[in-house]
Each structure stands twice: as C-alpha cells, then as structure tokens.
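Below is one structure; the comments refer to it alone.
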There are 2 protein chains.
Amino acid sequence: MGNTPPVGRKVTLSDIAAGCDVSRATVSLVLRGSPLVNKHTRARVEEELRRQGYVYNRAAANLRRRTSSSIALVLNDLANPFFAEFAAGVDEVLGNTGYVTLLGSTGESTERELAVLGSLMEHGPAGIILSPAEGSDGQQVLAAVGSQTPLLLFNREVGGDLAACDHWDRLFLDNQRGARLATEHLIAQGHRRIAFYGGHLGSSSCQQRRAGYHEAMKAAGLSVEANWMIECMPNRLDAVAQSEHLFAGREAPTAAACYNDAVALGLMLGLHQRGLQPGRDFALTGFDDIAEAAVSAPPLTTLAVTPRARGRQAAELILQRLQEPSAPPRQTIVPVQLLVRASSCPPHA
Amino acid sequence: MGNTPPVGRKVTLSDIAAGCDVSRATVSLVLRGSPLVNKHTRARVEEELRRQGYVYNRAAANLRRRTSSSIALVLNDLANPFFAEFAAGVDEVLGNTGYVTLLGSTGESTERELAVLGSLMEHGPAGIILSPAEGSDGQQVLAAVGSQTPLLLFNREVGGDLAACDHWDRLFLDNQRGARLATEHLIAQGHRRIAFYGGHLGSSSCQQRRAGYHEAMKAAGLSVEANWMIECMPNRLDAVAQSEHLFAGREAPTAAACYNDAVALGLMLGLHQRGLQPGRDFALTGFDDIAEAAVSAPPLTTLAVTPRARGRQAAELILQRLQEPSAPPRQTIVPVQLLVRASSCPPHA
DNA sequence: CTGAAAGCGCTTACAG
DNA sequence: CTGAAAGCGCTTACAG
C-alpha cells in the first residue's frame, strides 16, 4: 500500500489491480464504466487510478478488441489555408468523438502520397480522409490502403479506373456550378471577352470549373479564344508568372474567372505590373473565399466554400461510414455561394 | 498453398508464416531486415508477404517493444497560416523518419488543450510538440502529459510555476529583437509618434514584442502615450474593430508596429475606413510574413519567421531529444528578419 | 540459421 | 459481483 511502481515505467492495469487487491479484469471493467462492478470496489479502484496517475493505453486496448481509434487525414497541401481550415474542422469533430487524427501531408506529390498512405496504414486507422494530390491514381491509392479501410475522397476525383474505387465515399464542391455563377456574374456586369485563368487540366476540379465557365459562355452566346484559357499552378507565384499570356493574342480579355483565390490574387499582381488596375481596368473572380479575399485591394469576388464546415462534414461522413460499413457509397456535392465584391467591376469605359 | 485468409480479417504474421512454412519469428526477422535469415528463406517470405498483401501492425510491434512511433502535435490555431505552415514542416520531417503525426487543435482554449493532451497521451506518443493556447498553465499541462514524455514548447511560454516544467525543450522566435527592428525602422523613416498595436498581454510573445518596441523607443529618446498601446485579439477582425482607439487621444500616432500580420492587415482596413491610406498617410509593420503580406495593398513590411522551417526544426529537436533523453533541456531562440516593403512609408507631409 | 515460448497492456467470455 | 485464463499481433531472448 502507498508504494508506486518504479519511475520510468508506465503505470499499467496490473499496478492498479495490485494496488487495491482486485483482479485486472475488475479494473478494466471500472475503466470501461461497466455497471457490473460494486460501488465500493469502483470507488477504491478509481482512487487508486488517480493515486498512481494511470494513463489508459488505448493501443493495447485496440489490439485486443480489434478496433481502432484513429482516422488518417491525408492532404495534398496543408499549407494552403483552405486545407488548413478543413483540417481544423476535421480535428474538431474527431477530437470530440474520441478519435485521434493521424496527419499526413503529401505536398501535391503522388509518390509521397503513396508513401504516406502506406505508413499511416501501419497504424491501422479506422478510416481515411484523402484529398488526393494532382494526378493521383485510384488503383495505386487502392493498392496502398486496401479495401478494408473506409476512405472518403475529398475535393477532387482520382484518376485511372474508377470502377475499382466506386465503393469510396466522396465529398466534392459543386465546382461546375460555382464557376458558372462567377462567369454569369461577369457576363451580367457587361463583359464579353472573359478568360478562364489558372489551374491544371490534370485536376478534376479544374476541369469542372472550366466546364461551368464554358456552360455560361455558351448560354450567353459568347465565343472563347484559345489564349483565354491559361493553365498555371494553383498558387499565387505561378499565377503572376503566367499572367502575360492572357494578353498575348489579338483579343485581350476584359475579365477572368480564376481557378481559385490564390491564382486571382496572383493575377492581380500581374495586372498591376502591366499597369492595369484590377477592379477598374480588368474584372476578376476567385474561388474558395480564403481569408485574404475580403481584404485584398480590391476585395475579391469569389465563391464561399466554408472549408471548416467541410472538414466537420467530412469527419461526420467518415464516422457514419464506420457505423454502417455496408451502406451504399455516398457522393455529396456541396453547393457554393457567390460573394460579389469590388474586383468584378463592369468593363472600363 | 495459394489460399488467402478469409476476407474481412487482416493478414497477420501467422498467416505469412503458415503460408510459407516457417515460424512467426522468422517472418518477424525478415520484416525487420535482420541479416540472420537465409537468403532463400527471405525471398520466399517476401514473396508471401506480397502475395497476401500483408500490412505491418505497428501498434502491436510498439506494444511488444515498448516503443512508440508517433509524435503529438498540438496547436493553438491550426487555421492560422503560420501554424498550418509549421504543421506542414513538422509532418514533412516526421514522415521521413517513420513517425506519424498525431494532430490536435485547441482553438486557443486552455480547457480543450488539456482534453486534447489527455486524449493524445492515451495513444502513447513518443514526444509532444505544443504551441500552447493563450493563458495555458504549465502545471496543468504537466499534469496532463506526465513527466515521462518529452515535450517541446513552441512559440510561447506557458504560465504558472515554470520550475516544474524547466525540463521541457523550447523553441521560440526572437520576438523582442523582431519588434525592436521594426520599431527602429519606423524611427529611421522619420516617425516619432509610433504605436504598438494588437495582441494580448496574456501572451508571452506579445509581452516580448512590446518590450522590443519599448527598447527602440527608449533608445531613440521617444515617449510613448497610453493610447498608443492597444490590445486586440491577434486576428484581422478584432484589429479592424479596435483601430479607432488609436486615434482617441490628443496625440494621434503616425505609425504603428503591429503585433502580427493579421492585425496589421486588419488595421489597414480600419485606416481605410477612416479615410487614411496605409503606406502614405500612416506607416505600419507586421510580424510573421504570412503569404498575404507580400500582396496586400500596400505590401506589408514585416518580420520573416519562416514557419515551415520552424516546423522542420521543431521536429528535429524533438527527435534529438528522443535520442538523448537525459541531455540538458535546450532553449532555442530563432532570429527573425526584417522585410522592408511599402507599408512602412516616411511620415506624410 | 530457425523455432518454441513468453510477454507487451489490455479485454472478454467463462466459471464461480 | 469478481477472478483465472486466453488471446489481440507482434518481438526477443533462448535453445537447438
């Protein structure tokens, strides 16, 4: 009585059992809140748990019970505020549910993605939330994660043979509708020569946004010049670098629907460098509504996607899947909302 | 031969051993790359591992070996780009070293911080990287994490009795020097009435930055008015809201050293709302060099802290600590670098 | 070079 | 209501 186990070793169930003369089974029942155990015994055990500073070893319990208490969250770009907010939302819900988030960041590299998934799988996550890297292949991802662990695909589709991964749940933004809304808005402002700027054709979200753009242009009877469709990396830096191409042809556009906010902000810089003032000489829209969209000069018209709420939603979807492993796969398309700000001005006189 | 274990059950060492008629011990040796095992046997085992799609159960191995392969990363605000970049840096290094990152986000709540730490501890991380919530208490954190698990304190000091936690490693920015550099720069531009704007006195980093500011002001023989020292939440929104207080006194400042970039960007908005043009009518500096600092209008003079590199450094520090558990605690102060941009203009004529 | 046995810290039927 | 025993998937001395 009163003695603690040697320092440097963690306190285990056995230490507690020995400390208050009950069996390990009884301590385990107390820990798991079983009603089977006598009030008085429970009190003694709980006191001893406190006294020795017991820390539950969840890994051991998971091993015995063949359960898991972790969810893997694999993101193509954690440094992007959109995904950072998303991760915060995921972690918020998981934390409240007793799950721990295993984080993996792939830096938009498909090689690293496979390595990260392989490494995380060894920790036996109950489920996986994956925002795939650009060019990620469904077959390879499937090979890395196996078919036992539920996976929720977020934000973009993977490439390759989708039949093999049609059991995955999906959570996507309504990219096409978003880009259509933005383009329609530019058209309503009076623009006729409208570019679609940025993103990579390799990514499904870029294809969808371009489709929305084309839809709006077609519906308005507007034609699209080849040099109005510019690809660039979905970040600010490359957006600045490529912006000259917008003005390479005869018919320079007066507005651009941009792939995302980062690209739009980069384009603003590029416009400045050409002596054009965005929001006066040239109209543009973004996508994402990242924090800086509201405070750029001019403020950026964009599409709100509320990434934190998406994160919460993703966590809830994967938790639901754990409840009903055999329910049919669910594909959720999240509507996005157009926020009109000063950057989408009417054409300059 | 050729039969796979029933679907739905994971493949284990025993399945592999049975599949190629060796003992589990031998398979284990193959997995761990032991030179003891015969070339031919190794080849057979490796083929069988592939064939059955074996996935190593690291949790079980950790249990047996009494080791851990995870590091807990607990952040006060993951949605903040500074911490998101930091997390990406941490994960980059840990991923390359075979560790997995257990993510925890506290949303600047000390209550949640303790809950998150308690929950993560049950997963037995080898070490903890903690960027504490504002007002976090050292004793309570210590009680939550115990004294067995190495902890690296990042970004800010905890409160309370520090003697109890002087065995923790620390990685801090040189806040005082950074704020001094910014203030000296404003003075060199010709400003005399310089405010220190934003942050909470509860946070050690705010105190340090204020100290650097006072140091520069004192060295230049400049006095400081009470209404030049404004507290606000370290985000854009509250920075806008509080900005009127800067101009409440008789002696309005002509410049402000801001607590961080978010606050500086918020102040810019507040200035605009008063009809003042930042970078012409009022000079300001930030702290952090977040992505938007370079693209705000005007671009923001700030202090580069390279959060991603800090993340990598934090991961390396904690890994070193795991190598040498009994080395004396290390406190690392990271120098910061002043980036001069257009927002820190000379006083308006 | 390979195998039998014990054990990491837990949980869960099964007796009593 | 409580305890003895087996077992989750691995590793590690120890024999042979």
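Labels below follow one simple rule: chain letters A, B, ... track the order of the sequence lines, proteins then strands, and each chain is numbered from 1.
- Distances shorter than 4.0 Å separate none of the side-chain N or O atoms of A:Thr26 from OP1 or OP2 on D:dT2.
- Between the CG atom of A:Asn57 and the C1' atom of C:dC8 there is a distance of 9 Å, given to the nearest Å.
- Between A:Arg64 atom CZ and C:dT11 atom P there is a gap of 9 Å when expressed in whole angstrom units.
- The CZ-P distance, from B:Arg58 to C:dG9, rounds to 19 Å in whole Å.
- Out of D:dC1, C:dG3, C:dG9, the shortest distance to the side chain of A:Asn38 is found at D:dC1.
- Whole-Å rounding puts the B:Tyr54 OH to D:dG9 P distance at 10 Å.
- The CD atom of A:Gln140 sits 7.0 Å away from the OG1 atom of A:Thr110 when rounded to the nearest 0.5 Å.
- Paired runs in DNA chain D that reach 3 or more consecutive Watson-Crick or G-U pairs, where each pair keeps both distances under 3.5 Å, cover C:1-3 with D:14-16, C:5-12 with D:5-12, C:14-16 with D:1-3.
- Sequence order on DNA chain D of the closest nucleotides to A:Val22 and B:Ser14 puts A:Val22 first from the 5' end.
- Under the side chain to side chain donor-acceptor pair (under 3.5 Å) criterion, B:Asp161 pairs with no residue at all, not counting sequence neighbours.
- Within a heavy-atom distance below 4.0 Å of DNA chain C, the residues of residues 28-37 of chain A found are A:Ser28, A:Arg32.
- Comparing B:Arg65 and B:Thr41 against DNA chain C, the residue whose closest nucleotide sits nearer the 5' end is B:Thr41.
- Rounded to an integer number of Å, the gap from A:Leu63 CG to C:dC8 P is 13 Å.
- Legend: residues meeting salt bridge (charged side-chain N to carboxylate O under 4.0 Å, His left out) with B:Asp77, ordered by chain and number and at least two apart, are absent.
- The nearest whole Å value for the distance from the CD1 atom in B:Ile16 to the P atom in D:dT11 is 13 Å.
- In this structure, A:Arg66 places its CZ atom 13 Å from C1' of C:dT12, rounding to the nearest Å.
- For residues 119-130 of chain A, the side-chain hydrogen bond (donor to acceptor under 3.5 Å, both in side chains) pairs, not counting sequence neighbours, are A:Glu122-B:Arg58, A:His123-B:Ser69.
- Residue-to-nucleotide proximity on DNA chain C shows that, of B:Arg42 and A:Asn62, the 5′-proximal contact is made by B:Arg42.
- Every residue two or more places apart in sequence or in another chain was checked for a salt bridge (charged side-chain N to carboxylate O under 4.0 Å, His left out) with A:Glu134, and none qualifies.
- Here the side chain of B:Tyr56 is nearest to one of C:dG9, D:dT11, C:dT11, namely D:dT11.
- Taking atom CG of A:Leu13 as the reference point, atom C1' of C:dT12 lies 13 Å away to the nearest angstrom.
- Checking side-chain atoms of A:Ser70 against main-chain N and O of A:Thr101 turns up no donor-acceptor pair under 3.5 Å.
- Among residues two or more places apart in sequence or in another chain, the ring pair (Phe, Tyr, Trp, His ring centres under 6.0 Å) test is passed with B:Tyr99 by none.
- Note: B:Phe172 and B:Phe154 fail the aromatic proximity criterion, with ring centroids not under 6.0 Å apart.
- Applying the salt bridge (charged side-chain N to carboxylate O under 4.0 Å, His left out) rule to B:Arg44 yields no partners; only residues at least two apart in sequence or on another chain are considered.
- An OP1 or OP2 oxygen of D:dG3 is reached within less than 4.0 angstrom by a side-chain nitrogen or oxygen of A:Ser23.
- With sequence neighbours excluded, no residue satisfies side chain to side chain donor-acceptor pair (under 3.5 Å) with B:Ser147.
- For the side chain to side chain donor-acceptor pair (under 3.5 Å) test, residues two or more places apart in sequence or in another chain that qualify with A:Ser23 are A:Thr26.
- For B:Glu113, there are no salt bridge (charged side-chain N to carboxylate O under 4.0 Å, His left out) partners, not counting sequence neighbours.
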Within the sub-3.5 Å range, which N or O atoms of nucleotides 13-15 of chain C have a protein N or O partner, and how far apart are they?
none

